Amino acid sequence: MVSVTIHSTDPFATPDEEKSAVRRLRGRLASPVTLWTTPGPAGLTVSSTLIADGDPGRVLGLIDDESDFWDAVETSRRFTVIPLTPADRQVADRFAGLMPAPGGLFAADEWIDTEYGPVPADHGTWAGCRLESSRECGWALLVEAVIETITVDSPAGPLIHYRGRYREL
């Protein structure tokens, strides 16, 4: 008989002492987990998102410049930012490329098409954004956009990324 052990941590993860100090510091900062989508459609899980209040409001984020999402945003110049909830762990993993997506990223759920990109049918909070600029920042691409429309519904608890795992408040 074969004995199977389920680990409480990732057995293939780089040990903390072998990670860069910057990566270890970043891992100690809690980040909101968001989904960014764009016409195409394409989407990407983004946990480096910052909303700047102002007139107009802005969104900033660090994304993978080699992603299908970025290729589509360069064409459309528009995207959505959707805060995810603890019930969205599989959605977050699917759009991060950590979970299989048979039929494509958007096949498993119901979506509402907007001019900024698809929004999950069961999510009432999202922002429609127009790309303003981008530049290299570390090993990522810093994207800045103007928020052109916001829809906000009743507050749901956020999905948080902390020390390589999802958490909730």
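All values derive from a computational prediction rather than experimental measurement. Because only heavy atoms are used, hydrogens play no part in the values below, and waters and symmetry mates are left out as well, while side chains stay in. If you read the sequence from its start, that first residue is 1, and numbering goes on from there.
Judged purely by atom type and a 3.5 angstrom limit, T125 uses its side chain to pair as donor or acceptor with the backbone of D153.
The two atoms that bring T80 and G117 nearest to each other are CG2-O, 3.7 Å, heavy atoms only. Here the closest non-hydrogen pair linking S76 and T38 is OG-OG1, 2.7 Å. The two residues R58 and V146 have their closest heavy-atom pair at NH1-CG2, 3.3 Å. When all heavy atoms of I51 and I147 are compared, the closest pair comes out as CG2-CD1, 4.1 Å. Summarising the geometry of D68 relative to A42, their closest heavy-atom pair is O-CB, 4.0 Å, with the distance given to 0.1 Å. Shown here for W70 and D65, the closest heavy-atom pair between the two residues is CD1-O, 3.4 Å.
Note that NE2 of H161 is 9.0 Å distant from CZ of R167, once rounded to the nearest 0.5 Å. With rounding to the nearest 0.5 angstrom, the OG atom of S133 is 7.0 Å from the CG atom of L142. Remark: R165 CZ to R89 CZ distance equals 10.0 Å, nearest 0.5 Å.
Side-chain contact between W36 and V143 is present, with heavy atoms from C-beta onward closer than 4.5 Å.
No path of Ile, Leu, Val, Met, Phe, Trp and Tyr side chains, each step under 4.5 Å between heavy atoms, connects L62 with F79, placing them in separate hydrophobic clusters. No continuous path of hydrophobic side-chain contacts links I160 to L84 [ILVMFWY only; heavy atoms under 4.5 Å]. Cluster annotation: L131 is not connected to Y116 through the hydrophobic network of ILVMFWY side chains, with a link wherever side-chain heavy atoms come within less than 4.5 Å. Cluster membership check: L159 shares its hydrophobic cluster with F95, using side-chain heavy-atom separations under 4.5 Å among Ile, Leu, Val, Met, Phe, Trp and Tyr.
Among I150, T114, V152, the single residue meeting the side chain to side chain contact (heavy atoms under 4.5 Å, CB included) criterion with W126 is T114. Only one option out of V33, T37, D88, T151 pairs with I82 in a side chain to side chain contact (heavy atoms under 4.5 Å, CB included); it is T37. Between T49 and the choices L35, L60, T34, the side chain to side chain contact (heavy atoms under 4.5 Å, CB included) rule is met once, by T34.
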Exercise answer: donor-acceptor pairs, residues 101-112 side-chain atoms, under 3.5 Å, sequence neighbours excluded:
unit_1 : atom_1 : unit_2 : atom_2 : d
D109   : OD2    : R94    : NH2    : 2.4
W111   : NE1    : F106   : O      : 3.0
W111   : NE1    : D109   : O      : 3.3

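In summary, R78 and E148 do not engage in a salt bridge, as defined by a charged side-chain N under 4.0 Å from a carboxylate O.
Around CD of E74, the count of heavy atoms belonging to other residues, nucleotides or ligands within 6.0 Å exceeds 12.
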